[in-house]
Amino acid sequence: MNTYWKLVSLGDSGVTVIEGHREPHLVLHQKNQRLAGSTGCNNLAGSYQLDGDQLRFRNLVTTLMACREVMQQEAVMLEALKNTETWTVDGDALVFRDGQGAEVAGFQAVYLY
């Protein structure tokens, strides 16, 4: 928690980063269980509930910019967060899985200092 997690995969697909835009990422803040980040186009915020390896995202909101190049990817990322039920961390890798155990999103830790 409190780590900058760069999105590196959605299901079995890679992730596109648009030049001049922020890379898709999340920070899960322990205090108040808040989420902040970017979809690669829009800012993202919300809350999460964590219980052991169970993870659920709540009240996700984004800004409303339109970035044609990654709108589909943004929709897939938001759907992945909506469908997340469990999480695992292995070293610098964070994986979100759905209720059937399928990987919906993969992240890599980025150390900012």
**Report entry** Common cluster, I18/L44, ILVMFWY with side-chain heavy-atom separation under 4.5 Å
**Finding:** no

Requested in this report: State, with a plain yes or no, whether a side-chain heavy atom of S47 is found less than 4.5 Å away from one of Q33.
Outcome: no

Query raised in the report: Can you check whether L7 reaches M77 side chain to side chain, under 4.5 Å on heavy atoms?
Result: yes

Query raised in the report: For V8 and V15, which heavy atoms make the closest approach, and how far apart are they?
Result: C-CG2, 3.4 Å

Requested in this report: Treating Ile, Leu, Val, Met, Phe, Trp and Tyr as nodes and any side-chain heavy-atom pair under 4.5 angstrom as an edge, say whether L10 and M71 lie in one connected cluster.
Outcome: no

Report task. Could you pull out the closest heavy-atom pair between D98 and Q100, with the gap in Å? Result -> OD1-N, 2.9 Å

Requested in this report: For R58, check side chain to side chain donor-acceptor pair (under 3.5 Å) against everything at least two apart and list the hits.
Outcome: Q49

Query raised in the report: Is the closest side-chain donor-acceptor distance between T63 and N42 under 3.5 Å?
Result: yes

**Report entry** For T84 against V104, the heavy-atom pair lying closest together
**Finding:** OG1-CG2, 3.7 Å

Query raised in the report: Can you tell me how far CG of D12 sits from CD of E103, rounded to the nearest 0.5 angstrom?
Result: 9.0 Å

Query - Closest heavy-atom pair and its distance - V17, P24 - result: CG2-CD, 4.0 Å

Report task. Would you name the heavy atoms of H21 and G40 that are closest together and state the gap between them? Result -> CB-O, 3.4 Å

Query raised in the report: Which residue pairs pass the ring pair (Phe, Tyr, Trp, His ring centres under 6.0 Å) test when at least one of the two sits in residues 50-85, sequence neighbours left out?
Result: F57-F96

Query raised in the report: Does a donor on one side chain and an acceptor on the other come within less than 3.5 Å for T86 and Q54?
Result: no

Requested in this report: Would you give the length of the straight line joining atom CG of N83 to atom CG of L78, rounded to the nearest 0.5 angstrom?
Outcome: 11.0 Å

Query raised in the report: When rounded to the nearest 0.5 angstrom, what is the spacing between OG in S38 and NE2 in H25?
Result: 5.5 Å

Query - Identified side-chain contact (heavy atoms from CB on, under 4.5 Å) partner of T16 from the options E23, E69, Q73, Q72 - result: Q73

Requested in this report: Just grab all the disulfide bond (SG atoms under 2.5 Å apart) pairs involving residues 73-104, residues at least two apart or on different chains.
Outcome: none

**Report entry** L60 reachable from Y48 in the ILVMFWY side-chain graph, under 4.5 Å edges
**Finding:** yes

Report summary line: The side-chain contact (heavy atoms from CB on, under 4.5 Å) partner of T88 among D53, L94, V95 is V95

Report task. Could you pull out the closest heavy-atom pair between W5 and V89, with the gap in Å? Result -> CH2-CG1, 4.2 Å

Query raised in the report: Within a strict 4.5 Å, meaning less than it, do heavy atoms of the T39 and T62 side chains meet?
Result: yes

Query raised in the report: Is there a chain of hydrophobic side chains (I, L, V, M, F, W, Y, each step under 4.5 Å between heavy atoms) that links W87 to L28?
Result: yes

Query raised in the report: Any sub-3.5 Å donor-acceptor pair from Y4's side-chain atoms to Q108's backbone N or O?
Result: no

Query raised in the report: Is the shortest side-chain N to carboxylate O distance from E85 to R56 below 4.0 Å?
Result: yes

